[in-house]
Amino acid sequence: QVARLPKRAATLRTRAALPVPAERVTALEWRAPGQPFTRAQRLPNGNWAVSRPFPFEVEAKDAGRVPEALTAAHGILAYVRPADDAPPPATDRALPEAILANYGLDEETALRLSVYVRGLGRPLTLRFGRADPDREGAVFCLLDDGRSVVSVPGALAAAFGAEGPFVATDREFVVFGEAAEATRLTVRLRGQETPVTLALANGLWRLTLPMALPADAVAARGLLARLAGLVGEVTGIEPPAGQEPLCVLTLGEPRPGETPPALALYAGASADTLLAWRTDRRRLYRVARANVPAGLLEPGLQHALADRTVLSVPAAQIRRLAVLRRDGSGCAVRRAGAALTWSTESPVGAYVDTATVDAWLTRFADLKADHVLRDAPVALGALRPYGLERPLLRLTLDLDGAEEGLRRVLLIGDPDPETGEAPALIQGRPILYALDADTVRLLLRSPVKETPKP
């Protein structure tokens, strides 16, 4: 027997929007007017990784129904152009945009979906348009052939909208997570010509700009950790118009032809928010100002990151200590040989204050400033406001070493009458420190006394 064919060829048309097995769909890409391009890819575990506009994962039970609906055997409700009762298109030419605009299927207004299928050399494309007035809850759809307009359930197009499964349930996203693994950070602050550059080399953090200095490892790691943990709400895909950024942060070494991870911070609509623009991802976030390290928003970042170590000299390496005060008085003590036994060099007849010398040696092994004040001023008279042009105390440490005459000279200025902190610098080092009150009081003690201890 010979099977009887239908009277009209139109009844042979597929009723699936995508006539392929659902399990062969490997990835989906879509773009709607005014919305960012989005990509979702099936993972080996069945879940879907949404890589754009920001990375997150959707469980298989939520996303798996979308490929099934796209490939369902009866997913098409009706053929609209040509209609179900009309013959199939007599030409292979795609419908012109002017005709597609009648259904909301033109390039400017349609949601365009590309479906990647395992085994096919190209993606299959669908467009979703406006609501079908003749069928409740349906929308117009342009099939992959570019010639057939059909009516499909509106839920099919809604799967790629704000209520679909490919939307993260969290509203806040990690803004600059790459900072966790960064080995180089460049910060350009508004109003400063020279950027601040922090780099990790041979296990040590250093400031390479605006001047080469050791960096405080704890401060460097803390800054990058806070940047890596910064979260915000996505608010757009364009940077703030008419604003100059407060600062711009770039990770890594610039390379020709590459766009490194970069973040620009702008003033927000309120005092407690900022706008964070990822220049490499073209994504704008709203972040809490309190979650952004304060040093990125004001001058002095290099000082906040600079190593606060003023002296790091083992006691066994110090062979002489000399003190010169502002009034011209002074004294000196000397260590004889390898033993840590000290004797008075000057003034003649004085005795070593062993308790003070021992306390100094302990402090000099790891003397850290409370904070870094600024770059050491070099202009004539610039040290006068700190009491360092004629220092309150000049402390010289002569050291044992391969180089003859190796020494460190610590200058201490006038203490603050309220806090007791005092400015200090190491001669030849371009950093001005602030020593805490306890350290200042200790160093102002004399290492010698006129009468021996009973």
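Everything numeric in this text was worked out from a predicted model, so none of it was measured.
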*Quick one: does Glu244's side chain get under 4.5 Å of Tyr266's, heavy atoms only?*
no
*Within a strict 4.5 Å, meaning less than it, do heavy atoms of the Thr235 and Tyr285 side chains meet?*
no
*Do Thr356 and Arg445 have side-chain N/O donor and acceptor atoms under 3.5 Å apart?*
yes
*Less than 4.5 Å apart, any side-chain heavy atom of Arg122 and any of Leu124?*
yes
*Could Arg39 and Tyr116 be counted as a cation-pi pair, given that NZ or CZ must be under 6.0 Å from the ring centre and within 45° of the axis?*
yes
*Under a 4.5 Å cut-off applied to non-hydrogen side-chain atoms, are Arg130 and Val139 in contact?*
no
*Flag the pair Glu97 and Arg127 as a salt bridge only when some basic side-chain nitrogen lies within less than 4.0 angstrom of an acidic carboxylate oxygen.*
yes
*Output the distance between atom CZ (Arg281) and atom CZ (Phe176), rounded to the nearest 0.5 Å.*
9.5 Å
*Is there side-chain contact between Thr197 and Leu185, with at least one heavy-atom pair below 4.5 Å?*
no
*asked:* So, taking the atom named OG1 in Thr439 and the one named CG in Asp370, what distance separates them when rounded to the nearest 0.5 Å?
replied: 9.0 Å
*Does a donor on one side chain and an acceptor on the other come within less than 3.5 Å for Thr309 and Ser312?*
no
*asked:* Check Arg112 with Glu29, please: is the shortest side-chain N to carboxylate O separation under 4.0 Å?
replied: no
*pair Leu410-Val310: side-chain heavy atoms closer than 4.5 Å*: yes
*Could you tell me the separation between the CZ atom of Arg407 and the CD1 atom of Ile318, rounded to the nearest 0.5 Å?*
13.5 Å
*Assess whether salt bridge (charged side-chain N to carboxylate O under 4.0 Å, His left out) is satisfied between Arg441 and Asp436, documenting all intermediate values.*
CA-CA 9 Å; Arg441 283 192 292 268; Asp436 64 84; over 6 Å; no
*Please tell me if the side chains of Leu265 and Leu275 come closer than 4.5 Å, counting only heavy atoms from C-beta onward.*
no
*To the nearest 0.5 Å, tell me how far Leu373 CG sits from Leu432 CG.*
5.0 Å
*asked:* Using every non-hydrogen atom in the two residues, find where Pro261 and Arg278 come nearest and quote the distance to one decimal.
replied: CB-NH2, 3.8 Å
*Taking the inter-plane angle between the rings of Trp48 and Phe166 on a 0 to 90° scale, is it parallel (under 30°), tilted (30 to 60°) or perpendicular (over 60°)?*
perpendicular
*Side-chain donor-acceptor pair present, Arg31, Thr38, cut-off under 3.5 Å*: no
*What is the distance from atom CG of Leu435 to atom CZ of Arg308, rounded to the nearest 0.5 Å?*
11.5 Å
*What heavy-atom pair brings Arg42 and Ala22 nearest, and what distance separates the two atoms?*
NH2-O, 3.1 Å
_Counterpart residues, side chain to side chain donor-acceptor pair (under 3.5 Å), relative to Arg326 (two or more places apart)_ = Asp414
*Rounded to the nearest 0.5 Å, how far apart are SG of Cys247 and CZ of Arg190?*
10.0 Å
*Taking ring pair (Phe, Tyr, Trp, His ring centres under 6.0 Å) as the test, write out the residues that go with Phe140, two or more places apart.*
Tyr103
*Are Phe128 and Leu156 close enough that some pair of their side-chain heavy atoms sits under 4.5 Å apart?*
yes
*Quick one: list whatever passes side chain to side chain donor-acceptor pair (under 3.5 Å) with Thr250, sequence neighbours left out.*
none
*Nearest heavy atoms of Ala422 and Ile412, plus distance in Å*: CB-CG2, 4.0 Å
